[in-house]
Amino acid sequence: MPDVTHSGSKSYRFESEMNQKSTIYALSTGSGRAGIAVVRVSGPAAAAVLRHMVGDIPPARLASLRDVREVDGGGVIDRGLVFWYPGPHSATGEDVAEFHLHGSPVIVEKLFSEFKHIEGLFPAQAGEFTRRAFSNGVLDLVEVEGLADLLASESEAQRKLAMRQFLGEASTVYEAWRMRLLEALAMAEAAIDFVEEADVVDEAIARILPIVENLKVEFSSALAQSGRAGAVRDGLRVVIAGPPNVGKSSLLNWLAGREAAIVADKAGTTRDAVEAVVSFGGLRLVLTDTAGLRATGADEIEKIGMARAESRIRDADILVWMTSPDVITEVGPERPPDLALLNKCELKPIHVRNDFDFAISLKSEEGLEPFRTALLALVELRSELGESAVVVRDRHIHAVQQSIRNLNNITTGHQQPLEVVAEELRSAMRMMSSITGRIDVEDLLGKIFSEFCIGK
Ligand SMILES: Nc1nc2c(ncn2[C@@H]2O[C@H](COP(=O)(O)OP(=O)(O)O)[C@@H](O)[C@H]2O)c(=O)[nH]1
Ligand SMILES: [Mg+2]
């Protein structure tokens, strides 16, 4: 058997556990007056807090109505529901006590002033409950990030994306990837002992390569989807472009429902990119109106505006291209637009033209609703794809990109020595572990090897 214990592996989970003797408390609901105020206590003294404040430890995980009193049987502070969640099956993995009190700041203050008489109890720092949950393995890093995104989400699409991360669906995918890398690594490690026997090595390589190739494809498609996730997290970029004076600024204003951009009948009015953020179909949209594109007649400042317009067009998630019957299109879009509009359709009857999807008029409002519906459908499609993304943050993207580089080093076209294959697989696995923060690769290796037998 090859030696599979690598002392290099390190888990920060256990390091931070060392100094977690303290018990923390905080108001978990919003401050101010409300129906209910929830106070959470987490740590070894949680049981003592209950005994001091309500006289006993109520049954685990059940709501118990209790008088909450000043420490050791003084006057009643409030009557409310009390919960006892013994660790490790609690939100933080530690013993947790929860007080559901009436939502008055005075009650909460009084409770906290009583807590000062209990030893080992400290006000929690920002994020400390979640940090303990991570340290105790209740949440992994992706789930913690999902929770942060969930709390910060402003749109339905953001909520759905964050929920998938928080519920561990994304982590399951990373874990499955890691297990397949592990499978390939186990084959490589086992064959390393038999380098003299060419057929054993060839057979191992023949089994490893398809796994590596498939993973590369999956990683790449996950990365392609991560752009969509970015659109959900940061807002989908919708760029309106076209020749000058066709009504682009008028369209931005109509979509934004306010006069965000200046509208004038003078060509070259919009010189810089104008942005408006709107909520559209449950998604955050960043609308950008750009300087009109024309080949002649633009001054220096307008030319700078046009260069900016072109860069916005390149970065757009959705490009809306606009023309009108009274303006000659001198410059076309650099890329096929997602929606092409012919504005000012009331000006003259439109003859057979097929270079636009919708004829609209911002003046008579003709055709605007069908256009809005089409835009909504596009936005929903993009956000649906984004919501199901696994690789979401830059941190995840970098790690997956690095894994692809490791795998590319295996599939160079020349057969790599098994030691190199194993090392690259190990690095790719480390990348997966770094995403979820679960670093226990080597234990699993040992387990796999015990079931693994090659050449015998
Ligand atoms: N007849 C007509 N004029 C329009 C329509 N939409 C916009 N305009 C006018 O066209 C001119 C240019 O509009 P603007 O939104 O500034 O165009 P931009 O240069 O592409 O941003 C303004 O005088 C608008 O009032 C429309 O549907 N019909
Ligand atoms: Mg304009």
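Both counts, for ligands and for their atoms, begin at 1 and track the order of listing. Nothing here was measured: the structure is a model prediction, and the numbers come from that model. Positions are given from 1, in the same order as the sequence printed here.
Nearest protein heavy-atom neighbour of atom 6 (N) of ligand 1: Asn343 ND2, 3.1 Å. For atom 17 (O) of ligand 1, the closest non-hydrogen atom of the protein is Gly247 N, 3.0 Å. Summary of contacts: the protein heavy atom closest to atom 28 (N) of ligand 1 is Glu346 OE2, 3.0 Å. For atom 22 (C) of ligand 1, the closest non-hydrogen atom on the protein side is Ala264 O, 3.5 Å. Among all protein heavy atoms, the one lying closest to atom 25 (O) of ligand 1 is Val263 CG1, 3.9 Å. The protein heavy-atom contact nearest to atom 4 (C) of ligand 1 is Lys344 CE, 3.7 Å.
For Thr290 and Lys248, the side-chain atoms include no donor-acceptor pair closer than 3.5 Å. Side-chain contact, Glu94 with Ser42: a donor N or O sits under 3.5 Å from an acceptor N or O.
Atoms of ligand 1 lying under 4.0 Å from any heavy atom of Ser249, numbered from 1 in the order shown and given with element: 15 (O), 18 (P), 21 (O). Those atoms of ligand 1 that come under 4.0 Å of a heavy atom in Lys248, given as number and element, are 15 (O), 17 (O), 18 (P), 19 (O), 20 (O), 21 (O). Below 4.0 Å from some heavy atom of Ser250 lie the following atoms of ligand 1, by number and element: 7 (C), 13 (O), 14 (P), 15 (O).
Checked for salt-bridge contact, Arg430 and Glu423 meet the test: a charged N lies under 4.0 Å from a carboxylate O. Between Arg159 and Glu154 there is no salt bridge, since no side-chain nitrogen of the basic residue lies less than 4.0 Å from a carboxylate oxygen of the acidic one. At a threshold of 4.0 Å, the pair Arg382-Asp338 counts as salt-bridged, since one of the basic side-chain nitrogens sits closer than that to a carboxylate oxygen. Taking 4.0 Å as the cut-off between side-chain N and carboxylate O, Arg178 and Glu175 count as a salt-bridged pair. Between Glu169 and Arg164 there is a salt bridge, with a side-chain nitrogen of the basic residue lying less than 4.0 Å from a carboxylate oxygen of the acidic one. A salt bridge links Glu145 with Arg395: the closest approach of a Lys/Arg side-chain nitrogen to an acidic carboxylate oxygen falls below 4.0 angstrom. Salt bridge present: Arg237 and Asp317 bring a charged side-chain N and a carboxylate O closer than 4.0 Å. A salt bridge is absent between Glu128 and Arg131: the closest approach of a Lys/Arg side-chain nitrogen to an acidic carboxylate oxygen does not fall below 4.0 angstrom.
The residue Asp289 has no part lying near ligand 1, judged by heavy-atom distances below 4.0 Å. Contact annotation: for Met322 versus ligand 1, there are no heavy atoms closer than 4.0 Å. With a 4.0 Å cut-off on non-hydrogen atoms, Leu347 touches ligand 1 through its side chain and not its backbone.
By the 3.5 Å distance cut-off applied to N or O atoms, Val246 is counted among the residues near ligand 1. Residue Leu362 places at least one N or O, backbone or side chain, under 3.5 Å from an N or O of ligand 1.
For a distance bound of 2.8 Å, the N, O or S atoms of Ser249 include one lying that close to the Mg ion (ligand 2).
When Thr323, Asn245, Ile240 are checked for heavy-atom proximity to atom 19 (O) of ligand 1, Asn245 turns out nearest.
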